[in-house]
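Chain letters run A, B, ... following the sequence lines, proteins first and then strands; every chain starts at 1.
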Amino acid sequence: MATPVTRHRKIASTEPPVASSPTTPASFAIDYGPEAEAVLVAIQTEIEHAPTLCEQYPPRWLAIQIVERDEDILRRLQASAEGASLLKRADRHIQRLAEVYGDDADIVLTDHRYGWINTLVRQVVTRPDEEKVTLSERLDRVLTHRVLGLPIFLAAMWAVFKLTSDVTAPYLDWISGVISGPVTEWAIALFHFLGLGGTWVESLVVDGVIAGVGGVLVFVPVLMSLYLALAVLEDSGYMARAAFLMDRLMQPLGLHGKSFLPMIVGFGCTVPAIYATRTLENRRDRVLTGLLVPFMSCSARLPVYVLFAAIFFPGRAGLVIFGIYMLGIAAAVLLGLVLKRTLFQGNDGAAFVMELPPYRVPTLRSIWLHMWRRTSSFMHKAWTVIMVMSIVVWALMAIPAGPGRGAFAHTEIDDSIFATAAQAIAPVFAPLGFGSWQASGSLITGFVAKEVVVSTLGQTYGAEVAATGDETPPQAVNPVQDLVRIGAGFVQATVDTIKSIPLIVGIDLFPHDESPEPSALMSSIQRSFAATSGGHAGLAGLAFMVFVLLYTPCIVAVTAARHEFGARWMWTSVIGQFALAWIAAFLVFQGGLLLGLG
Amino acid sequence: MADYLIALAGNPNAGKSTIFNALTGARQHVGNWPGKTVEKKSGLFRYRETEIEIVDLPGAYSLSAFSPEEVIARDFLLEARPDLVVTVLDAANLERNLYLAVQILELGAPAVVVLNMADVAESQGLTIDDERLSQALKAPVVRTVGRREQGIDQLVETVYQQLIRRDKGAGPSRPAEVTLERL
Amino acid sequence: MLRKVLQAFEEADGPVKLADLSRELGVEPGALEGMVDFWVRKGRIQASGQGSGLFACTTTDCGTCGDVNSCPLVARLPQMYAIAQDSPQQQMDA
Ligand SMILES: Nc1nc2c(ncn2[C@@H]2O[C@H](COP(=O)(O)OP(=O)(O)O)[C@@H](O)[C@H]2O)c(=O)[nH]1
Ligand SMILES: [Mg+2]
């Protein structure tokens, strides 16, 4: 033979040959215990009487596969007459083993194998006395601590809402300014240029689309910052711990385990959360969970909270929004406890075993990806559902409620069918402090989607603002100057945001100039709520937020509930939510009045 | 014409491919398993005038038919009946990795057990009693650090010794024509 | 060993970390995962988490995602396991 060609040979030749196996090659076998061994031997004997099988498979191994019900091997055996008859005879033995152990026979062997390995590892592996504690474990000791874990989690959530409401406020103002300023001016100038100034087409775009969709798009920075914070928490591995903590919190209440999972999903969106109830085996648990899921505040409701917190609780917006979310959880827990003790008595859900991934530093790329995916889904919704609803609301506001009350697109807004219909329902909300037709109208359209509450408010109050504002003819538009203004505004917003970041932790490094000038829309809402609440606008605003938290999340969630639980439960859920929302808002408003708050 | 056929088996990420590369160098052939989209790597190496063909089996946690990889690995062991199975274990995750090793040994395949990732196990402060492990498994145990090619020479030597011992021994050796047929 | 794992799942009240269970039972985490997988295949333990089909949201008209397979609003949760109740009580009917 030729000289060695591999480097192993070369290197190997410089070293002494190594002694080979210390043991004589005896055949390896695990002792599966007397009963199982008897069965294995019996089957093995059968196999040894089948020559073709013996040739193809090692007999003991084949016997083990048969007892373990290996699907692939069973299929192959079934294919031949010899194999099929072997299986038939083997079944008798397997049955016997199953009876002895009171469980499937395959479990017996696998259990033994794992046990054998575990014993071997205990003998062979010596672990250090003081097992090395990874950084991840040390973090977990604090972050999932029985006592400290929950306060830390709540503090983290509070910081997230502080970030989304307070810190992004400058960007919100900036976009709001851009949309109501240059964008609207450009649109009006364009329509005048086209000779359509003052027509219904202009009104459709300006009062319908820009006021409605634009009013919702204003909240893009808010949602982006929420998604940014969530992406960081998710990618770092903390969200997994939060799920663990929440589950533990729910445990004494009997709402833990599998029924808790849809609730967590509900913070993102109620619709998949309702579908997620499918993992529960028990219909009773599915329905109960499906009834509670809508109280977990989904991200579509956030723009309403941010808008109202900015109007009525400037400076404390983060805390108020945090409180609203907590109220949703509390409502679900209380209702869950009541229902579990009455209509839905039954066993508690099985506990979760969770695989918590180690903590890691999130990558910018994945944070960006998650943030972007969610933000773009929000924008997608703005151009579809919200756009359609804005046009519908615009049309209803343009159609006069009867003869002699103006013509299409030339009616007093209060005479439109939208205002008239909303006005008819408004008394329902009067005891809650927000009995104006604008508020009731937005809550009605809000059945479609929660962002629509904001877009409708933008349209209804926006029309009022436009009507009271002096009708100035469009000034000559100067795009260059506008762009400079927009750019400068963005820079200013960034500076303001950076300045406000220390506020998250409660440090006020920069003296406040003054509270930001509320927009025309905001002061218009403020005035209207003050009027309908007898001067207690703050209480009425809070009651409105509570109402939005608790009533039907959106029409798709209703459809999902009907699909999963049937029409009866769907109506139970819709009516129950409305009743609960009304009662809670009533308690907030009237209770607040009694206590002399606001 | 190779004199022997051996297979590399192990859990995913146990270091099979690393060891495969260290053994074969450039003498590799990459294809697919017949009828599957799973990659098949085979290669050749020579030691003491012996030509050994080695096949890198797809990573599997068991030999039960739970995944295509497991079916491929099992069928290869059943049908091609390699002369030796080199079972690569992640020494830092011994308990899980041993499950496959035990199933391979239960199949009756002659085996060499490789404790790869010895460096990782060591950094975790684990000490492993090779001798005792070898006795329990009735197979030689070799320690390697695949990434640094440590222990590869010893592995080759052990593989070689096992192969010729089986040839000399009274053990049930395969008929010679099968060896030829295969290649 | 396998039975002990199932037993631990049955007896757990409140969430348990897989890592803690591994320490408690004296089983390496990787091996414990293999045992849990065994029970999942047997249908005695139910797995839920990413890619488990749990979040199979069957609607496209929610207006949010437009892509059934990837609802962006659902947070990525850890892999979770729970004992499967084999006798579903179907007492509540619509
Ligand atoms: N630290 C360390 N890493 C190794 C060792 N052997 C392989 N690796 C690394 O482990 C990873 C998986 O190895 P690979 O050979 O692809 O595993 P396979 O899936 O079994 O083929 C690769 O990144 C290797 O570089 C070793 O002994 N020590
Ligand atoms: Mg590989």
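- A salt bridge links R127(A) with E28(C); the closest basic N to acidic carboxylate O contact falls under 4.0 Å.
- For the set L25(C), L21(C), I83(C), the entry with the most heavy-atom pairs within less than 4.5 Å of chain A is I83(C).
- Heavy-atom distances place no part of L233(A) under 4.5 Å from chain C, backbone and side chain included.
- For the salt bridge (charged side-chain N to carboxylate O under 4.0 Å, His left out) condition, the pairs that include at least one residue of residues 105-123 of chain A, sequence neighbours left out, are E68(A)-R113(A), D106(A)-K42(C), D111(A)-R3(C), R113(A)-E106(B).
- Side-chain contact between F352(A) and V16(C) is absent, with no heavy atoms from C-beta onward closer than 4.5 Å.
- In this structure, no portion of E10(C) lies under 4.5 Å from any heavy atom of chain A.
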Inset, instruction - Could you go through the side chain to side chain contact (heavy atoms under 4.5 Å, CB included) check for K17(C) and T144(A) one step at a time? - result: CA-CA 10 Å; K17(C) 291 180 222 164; T144(A) 63; 2.8 Å; yes
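- Looking at N118(A), its side chain does come within 3.5 Å of a backbone N or O of G26(C) through a donor-acceptor pair.
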Legend entry - Verdict with reasoning, Y81(C) to E355(A), per side chain to side chain contact (heavy atoms under 4.5 Å, CB included): CA-CA 8 Å; Y81(C) 304 94; E355(A) 190 177 348; 3.7 Å; yes
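- Residues M80(C) and M354(A) form a side-chain contact, since some pair of their non-hydrogen atoms from C-beta on lies under 4.5 Å apart.
- With sequence neighbours excluded, the residues that form a side chain to side chain contact (heavy atoms under 4.5 Å, CB included) with R562(A) are A567(A), M570(A).
- For chain C, the nearby parts of V108(A) are the backbone and the side chain; heavy atoms of each come within less than 4.5 Å.
- For the pair W39(C)/I107(A), a side-chain contact is recorded, criterion being any heavy-atom separation below 4.5 Å from C-beta on.
- Of the residues considered (I45(C), D20(C), L18(C), V27(C)), L18(C) shows the highest number of contacts with chain A, using heavy-atom pairs under 4.5 Å.
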Inset, instruction - Determine, stepwise, if the pair R41(C) / E71(A) fulfils salt bridge (charged side-chain N to carboxylate O under 4.0 Å, His left out). - result: CA-CA 12 Å; R41(C) 274 195 303 268; E71(A) 277 174 32; over 6 Å; no
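- Ranked by heavy-atom pairs under 4.5 Å with chain C, the list D103(A), L356(A), T119(A), V121(A) is led by D103(A).
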